[in-house]
Amino acid sequence: MLGLMQDWPLTVDKIIDHARNWHGDREVVTRSVEGPIVRTTYAAIHERAKRLSNALKAWGIEPGDRVATLAWNSANHMETWYGIMGIGAVCHTLNPRLFPEQLGWIINHAEDRVVFTDLTFLPLLEAVLPHCPTVERVVVLTDAAHLPQTKIPSLQDYESVLAGQSADCAWGGFDENTACGLCYTSGTTGNPKGVLYSHRSNFLHTFMAMTATVMGATPSEVILPVVPMFHANAWGIAFAGPASGTKLVMPGARMDGAALYELIEGEGVTFSAAVPTVWQGLFAHMKANDLRFSTLKRVLIGGSACPESLIRGFQQDFGVEVTHAWGMTETSPIGTIGHLPPEIAGLPYDEQMKWRTKQGVPPLGVELALKDEAGQPVAHDGETFGRLMVRGPIVAAGYFKSDASILDDQGFFDTGDIATVDPQGFMQITDRAKDVIKSGGEWISSIEIENIAVGHPKVELAAVIGAPHAKWDERPVLIIKLKPGETLNKAEHLDHLRGRIAKWWMPDDVVQAEDIPLGATGKIDKKLLRERMKDYRLPESA
Ligand code: AMP
């Protein structure tokens, strides 16, 4: 027997309709690429997104067509999302930090027909677009006065496009499983892979993100999403913000410490989300200028492992609560979140740290399993490493234009991460499967060593890779980038680690580097690092 409740397709146009109807005056504030801070509201975003939909329809964009954005976090960028998605077209977010060849490959694979971009990226597009025959037009998110002369044909300014259209446009009316967004993962092996979100998956992820067990946004909060809209949907904030009627503050192109601090204080930001490196920049600025936060209460940190030094620094120096989360493009992206249950929150702060540095438990809607190489369950003892597997309505079932199955026989997606789960249910990422160091048949977690190494006040970045070893197969080598002007010798680095990790995990060598390469999503690029270190030999086996 079926239930007798209404069929109300979960399509994301309803999110911005809701924001317009019930939180229409709530502000969205942007540091514009042109310079000034600009203010708008959910009502205005809704109206302009409708105009944008009409422009797309006038250009012959059909449901299912891909329309790309290459843009910073801004109210304009939000309008393009809703305008594209509302008519059933697919919003393809492009990551400007990719190399031009990768970007060209992705645009061609997606067959993008239109690209909305910020002024910042016109030089990049000038290089890429001659190789992208499917792109028919480029719209710059600016006004006519700021539109420069470029070699890009059919370039238009956004404001003129909107001005020419009516705000009367029907949205939705299609199946909730209709494709809605497309985002390619910056896979370190093989070609990039397109994750194709549906309206339903984004809508369910929004419900999940709004709960207190995840972000818990309310109209009295002010959220600063530093996480870019071009990488894993800004962790869902461009949906959860309007869905909750929460003021959003968009950082535009400037994510340096001074710019973020000014926005946080100037706009009364209470909650923010970003990868660890962003916070390190903000910290350095605040320490150098002896600054304090007056409104910021909570931050969500993920994307790569959050070092203990950052969690402590936020809490002890600035009174800000850090929640550590794990996720990936394929999980929309939130997969687990580290809110402490009362049994752990009641412990002394130092004892809580064991859990605060872990990535936490899945919210409702994400099923998580830890499996060994044979697909068998791994003990939740907090020590045994296993492959992290997930399934649920916000997890990818396949990649765009690929027939290959990415699920195991129980429908789980292999995240490519290696993790442990402890008896309290807290998951901890120990490595990407391809970065794990295998020493004497046992696994060493490079992430755990890195997180302790980067906690030394003189260290800016730390990376651990495996180096070939005659007896043990591989041994860990610590690669360090020091903060400007600092010096530290090998023995001092090792002293900092001693007692904090198992003896047999102690790196065999410490190498100081001018630079540790970061990939397009701000994570340490271990593939490139290993390539740079390919002629390196451990002192013993040299
Ligand atoms: P992406 O799809 O580019 O967002 O990358 C997802 C990957 O980032 C995951 O599979 C993890 O390897 C890594 N990652 C994300 N969040 C965390 C975290 N909190 N700690 C450690 N690694 C993380």
Side-chain angles (χ1 to χ4, degrees), residues 93-95 97-98 102 106 181-190 192-197 205 214 226-237 273-279 299-308 310-311 322-339 355-363 366 368 370 385-390 394-396 399 406 412-421 426-436 445-452 454 462-464 518-527:
T93 46
L94 293 167
N95 183 342
R97 297 187 183 128
L98 292 170
Q102 289 172 309
I106 288 172
L182 177 65
C183 183
Y184 283 72
T185 63
S186 45
T188 41
T189 48
K193 298 184 274 289
V195 178
L196 189 61
Y197 306 104
H205 187 272
V214 182
V226 187
V227 285
M229 291 169 72
F230 56 73
H231 178 212
N233 293 329
W235 299 354
I237 295 174
V275 297
T277 42
V278 165
W279 298 122
V299 294
L300 188 65
I301 303 187
S304 46
C306 182
E308 179 176 335
L310 205 51
I311 299 174
V322 171
T323 309
H324 191 190
W326 165 87
M328 57 195 313
T329 308
E330 285 90 335
T331 63
S332 301
I334 290 164
T336 65
I337 189 131
H339 287 296
W355 287 278
R356 284 184 178 272
T357 49
K358 297 189 179 192
Q359 285 79 359
V361 302
V366 178
L368 189 149
L370 207 57
F385 291 21
R387 300 185 82 87
L388 181 64
M389 316 283 291
V390 286
I394 61 153
V395 181
Y399 291 112
I406 60 168
F412 279 98
F413 167 71
D414 186 341
T415 63
D417 284 326
I418 303 295
T420 58
V421 177
F426 266 55
M427 185 277 284
Q428 181 162 34
I429 301 283
T430 59
D431 258 309
R432 290 293 294 163
K434 55 188 179 304
D435 296 336
V436 119
S445 164
S446 64
I447 292 185
E448 208 168 321
I449 307 175
E450 286 160 6
N451 280 348
I452 298 169
V454 85
V464 175
L518 300 180
T521 54
K523 301 176 218 280
I524 292 173
D525 187 339
K526 293 239 175 127
K527 190 180 166 210

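Computed from heavy atoms alone, side chains included, the values below leave out hydrogens, waters and symmetry copies. Start at 1 and go down the list; that is how both ligands and their atoms are numbered.
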**Student:** Measure from NZ or CZ of K193 to the centre of the six-membered ring of Y399 and say whether it is under 6.0 Å with the direction within 45° of the ring axis.
**Tutor:** yes
**Student:** Which of these passes side chain to side chain contact (heavy atoms under 4.5 Å, CB included) with S445: D435, T430, V436?
**Tutor:** T430
**Student:** To check you understand the geometry: which heavy-atom pair defines the closest contact between V366 and G335, and what is its length?
**Tutor:** CG1-O, 3.7 Å
**Student:** Give the residues near ligand 1 by chain and number, with the criterion being a heavy-atom distance under 4.0 Å.
**Tutor:** H231, G302, G303, S304, A305, H324, A325, W326, G327, M328, T329, Q359, D417, I429, R432, K523
**Student:** Among residues at least two apart in sequence or on other chains, which ones pass ring-ring contact (aromatic ring centres under 6.0 Å, His included) with W235?
**Tutor:** none
**Student:** Does E448 have any side-chain hydrogen bond (donor to acceptor under 3.5 Å, both in side chains) partners at least two apart in sequence or in another chain, and if so, which?
**Tutor:** none
**Student:** Among all residues two or more places apart in sequence or in another chain, which pass the ring-ring contact (aromatic ring centres under 6.0 Å, His included) test with Y184?
**Tutor:** H92, H109
